[in-house]
Amino acid sequence: MKISQNIAISENGFLFNPATGDSFSTNACGKEIIRLLQEGQSQAQILEALQREFEVDQASLEKDLADFLYMLGNYRLLDANAQ
Amino acid sequence: MSSGRTPCTVAVSGLNNIDSPGPGMPVIRALRESSNLEVRIVGLSYDSLEPGLYMHDLVDKSYQIPLPSAGTEALLERLKYIQSIEQIDVLIPNFDAELHNFIRIAPLLRDSLRIKTFLPDLADFDARHKAVLFEYGQQHGVLVPKSHTVFTLMEFHRALEAYTYPVVVKGKYYDAQIAYSADEAVSAFYKISAKWGLPVLLQEHVRGTEVNVTVLGDGTGSCIGAVPMRKLYITDKGKAWAGVSIEDEALMQLSRTLIESSRWKGPCELEFMRSEEGEYYLMEMNPRFPAWVYLAFGCGQNHPEALVQMAMGHRPEPMTKYRVGHMFIRYSQDLIVPMEEFEKISTLGEL
């Protein structure tokens, strides 16, 4: 799973998709997930990294991460070829 | 001291910078900011309340011209008078309804009045009309939703049988309604034919995202400039109040292919629908600059400047790059105008 190559994300978590013109705002956690996706990390690696950073039980984190990734896919922010 | 820019006088119509704006003022702003041309602007208006008439920092002198329904002779007579005062080098018409007349008199303008235009010929202009757009798309390898042009209710009923719902019912020039049943479609037929006359267009509905491209063709198959935009905010009249330049190579390639294949001459706005399956359908091809053409300038492509250069016989280099992620946002502002100015344009026809 990879974020689309041309997606730009600012320091403030503002995300712009130049292919569609859509823009989004995300919080620090979302920004971190996107950064990890841009680095090419897998879902399991991202889960591990978030667990280290945030105090949260694994079941909730897994569910929230899956929801967030689903939302990214729904908004066409994931690279369809890399999925 | 010389600015190094070529001086020229450009006449521009479409000064109605209102909530459903004409392209004239954005065209003028782009020309004013040209790095190659030093323009004097002559405004051409149809109504004394077109805001551009009173924007003296952008328009140097304005003249009323007869409505398109008055015909080409009246238009030519008026332009002869205007040219006896001004030395117009290039004329850029910006209204759909006036283009037919200007295309017809373009050779006379050039030969008798030495006013240059840069317009498609009548055959090309008519070929992309929405009533025949499906055939135009087939000819140039572009998808266009299936459509029928109908003149009577009986024809409309017959045509409906070939469609699944929803369908789109369109007026010959403006207006479109989506209908989800035969009853809704017939109601839309009545409403639209009462407002805009016949024929009415029945069209397959394509679900997706609208994306538009402002394009300039040189008439020999070269695309001189193209910038794509997605609307971000649409008014109740269906006009873009904000939009953003986007990066979409497939859309750009399709636009270039169409301009090359059709050898389109002049500006146009290509309105596409990107379907949920990622296919592009050409919905309309407007044969003039769009009202958002200033965004192209903001993104690094000055299309009005290039058009004037081509009209004057130059061959500007095709512009292939543009800035992605630049927005336009319209605003409205009240102009304060002394009654004398309104009186002058209303009674004398010039200001």
Side-chain angles (χ1 to χ4, degrees), chain A residues 1-46 49-50 62-83, chain B residues 206-214 226-234 239-255 269-281 283 290 292-296 298-301 320-330:
Chain A
M1 189 173 301
K2 243 184 151 177
I3 200 94
S4 294
Q5 212 175 11
N6 49 2
I7 300 290
I9 185 159
S10 76
E11 276 300 302
N12 301 321
F14 183 82
L15 197 140
F16 175 63
N17 183 352
T20 61
D22 289 325
S23 56
F24 309 88
S25 287
T26 184
N27 60 14
C29 185
K31 200 179 98 180
E32 178 64 7
I33 296 170
I34 290 167
R35 189 186 66 76
L36 294 168
L37 282 169
Q38 281 176 325
E39 284 179 5
Q41 303 221 12
S42 68
Q43 192 165 342
Q45 287 171 312
I46 294 171
L50 292 175
E62 270 179 28
K63 181 183 170 301
D64 288 352
L65 179 61
D67 282 352
F68 187 72
L69 294 175
Y70 176 78
M71 200 167 66
L72 291 180
N74 218 20
Y75 287 134
R76 298 170 189 240
L77 296 171
L78 295 177
D79 187 347
N81 300 322
Q83 281 179 73
Chain B
V206 178
R207 226 180 289 272
T209 307
E210 187 185 334
V211 281
N212 299 337
V213 191
T214 179
V227 174
M229 178 277 291
R230 158 131 183 255
K231 294 176 184 176
L232 294 177
Y233 184 91
I234 299 171
K239 303 295 168 187
W241 200 255
V244 62
S245 59
I246 57 172
E247 181 179 37
D248 188 331
E249 191 42 42
L251 175 65
M252 294 301 282
Q253 189 52 50
L254 191 60
S255 303
E269 179 189 28
L270 302 174
E271 295 185 1
F272 285 100
M273 191 67 82
R274 182 166 53 203
S275 75
E276 285 160 359
E277 293 74 36
E279 289 183 310
Y280 293 89
Y281 286 83
M283 308 304 286
W292 56 272
V293 68
Y294 189 69
L295 177 68
C299 292
Q301 294 192 9
T320 53
K321 291 190 166 58
Y322 63 93
R323 286 187 284 273
V324 174
H326 275 51
M327 297 166 63
F328 75 88
I329 304 171
R330 296 208 168 116

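Below, read A as the first sequence line, B as the second, and so on, with proteins coming before strands; counting in each chain starts at 1.
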Colleague: Check whether Thr20(A) gets within reach of chain B through its side chain, its backbone, both or neither, counting any heavy atom under 4.5 Å.
Modeller: both
Colleague: What part of Leu232(B) gets closer than 4.5 Å to chain A, counting heavy atoms only: side chain, backbone, both or neither?
Modeller: side chain
Colleague: I need the single residue from Thr209(B), Asn212(B), Val211(B) that forms a side-chain contact (heavy atoms from CB on, under 4.5 Å) with Phe272(B). Which is it?
Modeller: Val211(B)
Colleague: Crowded around Arg330(B) CZ? As in, over 12 foreign heavy atoms under 6.0 Å?
Modeller: yes
Colleague: With a 4.5 angstrom heavy-atom cut-off, which part of Asn6(A) approaches chain B: side chain, backbone, both or neither?
Modeller: side chain
Colleague: Would you mind checking if Asp248(B) and Arg274(B) are paired as a salt bridge, meaning a charged N to carboxylate O distance below 4.0 Å?
Modeller: yes
Colleague: Could you tell me whether Phe14(A) atom CZ has more than 12 heavy atoms of other residues or ligands within 6.0 Å of it?
Modeller: yes
